[in-house]
Amino acid sequence: MFRSVLVRSSSSAKQSLLRRNFSSSSVPERKVAILGAAGGIGQPLALLMKLNPLVSSLSLYDIANTPGVAADVGHINTRSHVVGYMGDENLAKALEGADLVIIPAGVPRKPGMTRDDLFNINAGIVKNLCSAIAKYCPHALVNMISNPVNSTVPIAAEIFKKAGMYDEKKLFGVTTLDVVRAKTFYAGKANVPVAEVNVPVIGGHAGVTILPLFSQATPQANLSSDVLTALTKRTQDGGTEVVEAKAGKGSATLSMAYAGALFADACLKGLNGVPDVVECSYVQSTITELPFFASKVRLGKNGVEEVLDLGPLSDFEKEGLEALKPELKSSIEKGVKFAHQ
Ligand SMILES: NC(=O)c1ccc[n+]([C@@H]2O[C@H](COP(=O)([O-])OP(=O)(O)OC[C@H]3O[C@@H](n4cnc5c(N)ncnc54)[C@H](O)[C@@H]3O)[C@@H](O)[C@H]2O)c1
Ligand SMILES: O=C(O)C[C@H](O)C(=O)O
């Protein structure tokens with residue numbers, strides 16, 4: 001019985017009342033689709049996006065269990081209209097009209113695995129979902145969470161190119177969790193209020209390809225090189241720290257949902273014309289010789305408005321930058337090759 005449109009958040013009369021109320025406000029209508037919405041990240045991310053007043057329509061898609069998630073989240077008395085969709089045959093409806101698609105679909109790591117060990121399963125999932133995006137919402141921004149992000153973003157780009165709709169300004173690998181972690185760990189060591197901390201994180205999203213730039217952290221603190229080395233390593237290993245603590249029950253979900261919601265909110269603000277929205281993200285880039293690279297990005301009405309320069313790096317960070325390039329290059333090439341098989 002759940003093979004077609006599944007759960008509506010409230011009666012159609014109530015919905016049209018809501019639409020009337022909001023159409024008179026200056027907040028544009030925005031449809032956000034989450035693919036993998038019933039998963040460990042998908043559920044709390046659905047909750048956080050339901051709380052975001054910039055969202056008018058929330059589309060929750062998964063291969064299983066979306067009826068319950070949509071019914072549950074849909075009862076929350078916030079702006080958006082929630083619809084759950086399940087199964088391949090409903091993917092088109094889930095995507096049609098989406099302004100932003102967030103993809104946390106795929107398997108997570110277990111202890112002892114690298115993110116690249118997820119490639120064989122997740123690459124195929126991402127390929128299929130991106131083919132559908134190309135068909136049903138080619139103008140949407142895409143926030144890729146599924147790992148290995150260093151490869152899944154290039155896969156998405158190639159699928160979009162094949163479909164003739166690739167716009168490099170609209171494809172983002174979500175690396176916000178690295179920034180969230182760098183801020184938390186830095187605030188602890190620098191003994192400054194975490195809410196005031198900013199730390200850019202560049203490169204990619206796996207091990208040494210994650211490079212926090214503590215030399216650019218604000219507020220600056222006089223930390224020793226040993227402390228900075230340890231902070232860098234902890235940021236690079238943050239995902240593994242969670243995978244090990246969860247002992248076989250998956251990877252970061254709650255902090256990732258928070259990070260995913262932050263990044264999605266920034267994308268929506270950019271789409272809505274809010275000026276000076278800057279976040280780190282893994283995007284098509286020319287600031288290094290690598291075709292995809294995470295750095296600070298200014299978001300605007302069409303997605304990426306500007307990929308910002310790296311700024312001055314310490315000698316330690318310069319070494320880290322050179323050290324990450326071979327792994328990132330090979331992950332990108334692996335993704336590109338897969339998309340053409
Ligand atoms: N970018 C990051 O910083 C970051 C952080 C944490 C996790 N991740 C990655 O996010 C992914 C999801 O992690 P999780 O903990 O939510 O996993 P999970 O297993 O709890 O949830 C994944 C969900 O995807 C769904 N799914 C599988 N195939 C699908 C398809 N074809 N279409 C739609 N949905 C599909 C599953 O049914 C499941 O509900 C993993 O690849 C993980 O490594 C990335
Ligand atoms: O570490 C993982 O496998 C999940 C995610 O990429 C993370 O950084 O937490």
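All values below were derived from every heavy atom in this structure, side-chain atoms included, with hydrogens, water molecules and symmetry-related copies excluded. None of these values were measured; they are calculated from a predicted model. Counting convention: from 1, in listed order, for ligands and their atoms alike. Start at 1 with the first residue, then count along the sequence.
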Looking only at N/O atoms, are G39 and ligand 1 under 3.5 Å apart anywhere? yes
Tell me the contacting part of L118 for ligand 1: side chain, backbone, both, or neither, using a 4.0 Å heavy-atom threshold, strictly below. side chain
Any atoms of ligand 1 less than 4.0 Å from a non-hydrogen atom of G40? List them with their elements. 16 (O), 18 (P), 20 (O), 21 (O)
Can you sort out which atoms of ligand 1 are near Y61, meaning under 4.0 Å from one of its heavy atoms? 32 (N), 33 (C)
Atoms in ligand 1 flagged as close to G36, the criterion being non-hydrogen separation under 4.0 Å: 24 (O), 33 (C), 34 (N)
Angle class for the F338/F119 ring planes (parallel below 30°, perpendicular above 60°, tilted otherwise)? perpendicular
For I41, is at least one N or O under 3.5 Å away from an N or O on ligand 1? yes
Considering distance alone, does some N or O of T253 sit under 3.5 Å from an N or O of ligand 1? no
Is V107 in polar range of ligand 1, meaning some N or O pair under 3.5 Å apart? yes
Before signing off on this row, confirm whether A105 and ligand 1 have an N or O atom pair separated by under 3.5 Å. no
Numbering as shown, the atoms of ligand 1 that approach V149 to under 4.0 Å (heavy-atom distance): 1 (N)
Does ligand 2 have any atom sitting under 4.0 Å from a heavy atom of V242? no
Please check whether N122 reaches ligand 1 - meaning an N/O of the residue sits under 3.5 Å from an N/O of the ligand, judged on distance alone. yes
